[in-house]
Amino acid sequence: MPTYNRADLAFERGEGAWLWTEDGRRFLDFGAGIATTSLGHAHPHLTQVIAEQAGRVMHVSNLYRVPQAERLAARHVAASFADSVFFCNSGAEANEGMVKAVRKYHAENGHPERFHMICFEGAFHGRTLAMLSATGNEKYLAGFGPPVEGFSHVPFGNMNAVRDAIGPATAGIMIEPIQGEGGVRPADLRFLKELRAVCDEYGLLLALDEVQTGMGRSGKLWAHQWAGIEPDVMSSAKGIGGGFPLGAVLAKEHVAKHLKPGTHGTTYGGGPLACAAGNAVLDVVLAPGFLDGVDRVARNLWRGLLGLADRHASVVEGVQGAGLLVGLKLKSAVANADLQAAAVKEGLLTVAAGMNVLRVAPPLIITDAEVAEAIACLDRALAALTPKAA
Ligand SMILES: *Cc1c(COP(=O)(O)O)cnc(C)c1O
C-alpha cells in the first residue's frame, strides 16, 4: 500500500553503524532504523543468539512457559523500577497495554469512571486507533472515524495546564520523557518530578512512553532516571530488541496485579525468539561500563553538533534531546527534509522529526571516529544548503 514516502535506497547488508546498498554505496547510519537498531547492524552476539534460538524453537504461544521471556522479564525487573513485565510486539501495542493497565487499576479499585489520560501536545504514541487518540495529531486522526474517548492534550511542559485538566475521570498522565517524533523535545527534569508529585497528590498513575527514549538511548537505561523519578507503568519497544520486533509494558505490582489471566494477551508477544534477542541486547547494554560509554560518546556527538550550530548559525537554531537521541533544530529558511536529503548525498542517514528538527540517533555502539565522520558529513550538507537560506 502507498503508506510510506520511501527514499530510493535499498540496503543489502550492514555492519555496526554502516549500511551498504545493493549497488555498493556505503552509508553511515545515524538513524538506526528510527532509534531501533541499538547494537548496530549484524552485531555478532545478537545475530548468533537469534540464529541459535531460531534453530531450536521460534514460537510456542503463551499457552506455555517461555524461559527466555521469564529470564528477560527478571532482568528488566532487576534493572528498573518495575516489579513485572508484559511482552508484546511493538510500541503502539505496548502503549495500548499500558493504557489498559491504567484503566484496569482504577476499575479494580472501584473507579471505572476514571479512564481518562492526560497527554501532551506534540506527542507520538503510535498508530492503532486508541494511540491515534493519545497522539492527538489531527493529521493522523483524519478519516479514521471518531477518536477513541479518554485522551486529552495539554501543552508540553505546562504544569498549570496539567492541573487544570485533572478531573474526576482522570486516570493518569501519559508522557514521553523526550518527545521523539514531535521534535526530539525533552521534558524539563523538574516538570517530570512535578508530574510524579501531582500523580501522587490526586491518586493518578504516571505512565511513561519510553518506546524511543529507553534501552540506553539517553545515556541511562531509562530516560526518566535522569529526573530521579519512577513511573507506575512504562512502555518500551524500538531499541529493546535491537531491531527484532519486541515491545514491553513494565509496571509496579499495584498496577500489574490486576492484569489477571484473560484480561490481556497476544499470540506472538514474549515468544522465545524475540525474548532471546531481548536478552542478547541486555547482555551488551547492561555490561559494566557500556552505558558510561554511551554517555561519553554522546557528549562528544553533542560537542560536534553544537560546533555545527555555531558554524551554521544562519541555518541551525539549536541542539536538543539527550544522550544519543539528538535533534538539530533548523531555522524556517531550511526544511529538515532538505538537510536530510543533503546528508544522504554526503553518505549519512538521519531521520526527520516534527518542528523542523533533524533527528540524529546512531546505534549505541557508535565510536568517536564515526561521530567525527558524521559531523563532517553534516558540515558539508549544511554548507551545501546555506546559500539557499541567505
Ligand atoms: C515509535 C514510537 C511509538 C510506536 O511504536 P511502533 O513500534 O511503531 O508501534 C510509540 N511511542 C513512541 C514514543 C515512539 O517513538
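Note on V77 and L221: same hydrophobic cluster, where clusters join Ile, Leu, Val, Met, Phe, Trp and Tyr whose side-chain heavy atoms are under 4.5 Å apart, directly or indirectly. No chain of hydrophobic side-chain contacts below 4.5 Å, direct or via other Ile, Leu, Val, Met, Phe, Trp or Tyr residues, connects L325 to L208. The hydrophobic cluster containing L189 also contains W302, counting ILVMFWY residues as joined when their side-chain heavy atoms lie under 4.5 angstrom apart, directly or transitively. Hydrophobic clustering, with ILVMFWY side chains joined whenever heavy atoms are under 4.5 angstrom apart, groups W18 together with V284. Residues V66 and V57 fall within the same hydrophobic cluster, defined by Ile, Leu, Val, Met, Phe, Trp and Tyr side chains chained together at heavy-atom separations under 4.5 Å.
At a threshold of 4.0 Å, the pair R296-D292 does not count as salt-bridged, since none of the basic side-chain nitrogens sits closer than that to a carboxylate oxygen. Salt-bridge formation is detected for the pair R196/D232: a Lys NZ or Arg NE/NH1/NH2 atom is positioned less than 4.0 Å from an Asp or Glu carboxylate oxygen. Salt-bridge check for R163 with E201: passed, with a basic side-chain N closer than 4.0 Å to an acidic carboxylate O. Taking the charged nitrogens against the carboxylate oxygens, E194 and R190 do have a contact shorter than 4.0 Å, which makes a salt bridge.
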Show your reasoning for whether side-chain contact (heavy atoms from CB on, under 4.5 Å) applies to L339 and L328. CA-CA 10 Å; L339 179 57; L328 209 52; 4.3 Å; yes

Going through the checks in order, is the side-chain contact (heavy atoms from CB on, under 4.5 Å) test met by T350 and R359? CA-CA 6 Å; T350 56; R359 186 170 10 172; over 6 Å; no

Walk me through whether F81 and H224 qualify under ring-ring contact (aromatic ring centres under 6.0 Å, His included). CA-CA 10 Å; F81 74 95; H224 67 260; 5.7 Å; yes

Begin with the C-alpha distance, continue with both residues' side-chain angles, and end with the deciding distance and a verdict on side-chain contact (heavy atoms from CB on, under 4.5 Å) for L205 and C199. CA-CA 6 Å; L205 298 186; C199 282; over 6 Å; no

May I have the step-by-step check of side-chain contact (heavy atoms from CB on, under 4.5 Å) for L349 and F11, ending in yes or no? CA-CA 12 Å; L349 306 177; F11 299 109; 3.6 Å; yes

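In this structure, the side chain of T37 engages the main chain of A32 through a donor-acceptor pair within 3.5 Å. Judged by distance alone, the side chain of D209 and the main-chain N or O of H125 form no donor-acceptor pair under 3.5 Å. A side-chain donor-acceptor contact under 3.5 Å links N356 to the backbone of K331. A donor-acceptor contact shorter than 3.5 Å links the side chain of N336 to the backbone of V357. In this structure, R114 contributes its side chain and T170 its backbone to a donor-acceptor pair below 3.5 Å. Judged by distance alone, the side chain of Q53 and the main-chain N or O of P272 form no donor-acceptor pair under 3.5 Å. Between the side chain of W226 and the main chain of S218, a donor-acceptor pair closer than 3.5 Å is present. No donor-acceptor distance shorter than 3.5 angstrom exists from the side chain of E370 to the backbone of I366, with no hydrogens or angles considered. When atom types are taken as modelled, the side chain of T135 and the backbone of N137 share no donor-acceptor pair closer than 3.5 angstrom. Counting only distance, with no hydrogens or angles, the side chain of R127 and the backbone of A92 share no donor-acceptor pair below 3.5 Å.
Nearest heavy atoms, A130 versus E96: CB-OE2, 3.1 Å. Nearest heavy atoms, A101 versus L259: CB-CD1, 3.8 Å. Contact between V319 and A309 at its shortest, heavy atoms only, is CG2-CB, 4.3 Å. S236 and A94 make their closest contact through O-CB, 3.6 Å (heavy atoms, listed as atom of the first residue, atom of the second, distance). Across F144 and Y140, no two heavy atoms sit closer than the pair CD1-O, 3.3 Å. Contact between A237 and S90 at its shortest, heavy atoms only, is CB-C, 3.7 Å.
Screening H254, M174, M98, K252 for a side-chain contact (heavy atoms from CB on, under 4.5 Å) involving V233 leaves a single residue, M98. Each of H258, H76, H264 was checked for a ring-ring contact (aromatic ring centres under 6.0 Å, His included) with F86, and the lone residue meeting it is H264.
Within a 6.0 Å radius of NZ in K193, more than 12 heavy atoms belonging to other residues, nucleotides or ligands are found. Remark: E15 CD is loosely packed, at most 12 non-hydrogen atoms of other residues, nucleotides or ligands lying under 6.0 Å away. Within 6.0 Å of CZ in R6 there are 12 or fewer heavy atoms belonging to other residues, nucleotides or ligands. Few gaps surround CZ on R311; more than 12 heavy atoms of other groups in view lie less than 6.0 Å from it.
The closest side-chain heavy-atom distance from D379 to L308 is below 4.5 Å. Within the 4.5 Å cutoff, side-chain heavy atoms of F30 are placed close to those of L301. For the pair M159/F191, a side-chain contact is recorded, criterion being any heavy-atom separation below 4.5 Å from C-beta on. Side-chain contact between V281 and S38: present, with at least one pair of heavy atoms (C-beta onward) separated by less than 4.5 Å. Between Q212 and E181 there is a side-chain heavy-atom pair separated by less than 4.5 Å. With contacts defined as side-chain heavy-atom distances shorter than 4.5 Å, the pair V154/F120 qualifies. Contact of the M117 side chain with the F151 side chain is registered, since non-hydrogen atoms from C-beta on lie closer than 4.5 Å. In this structure, the side chains of W222 and P177 stay at 4.5 Å or more apart for every pair of heavy atoms.
Rounded to the nearest 0.5 Å, atoms CG (L382) and CG (L358) are 8.5 Å apart. Between the OG1 atom of T266 and the CG atom of N62 there is a distance of 6.5 Å, given to the nearest 0.5 Å. The distance from the CZ atom of R217 to the CG atom of L364 is 5.0 Å, given to the nearest 0.5 Å. Taking CG of L305 as the reference point, atom CD of Q320 lies at 11.5 Å (rounded to 0.5 Å). Atom-to-atom distance recorded for L291:CG and L286:CG is 7.0 Å, nearest 0.5 angstrom. We find the CD-CZ distance between E93 and F87 to be 12.5 Å, quoted to the nearest 0.5 Å.
Note: H45 and H43 have perpendicular aromatic rings, judged against thresholds of 30 and 60 degrees for the angle between ring planes.
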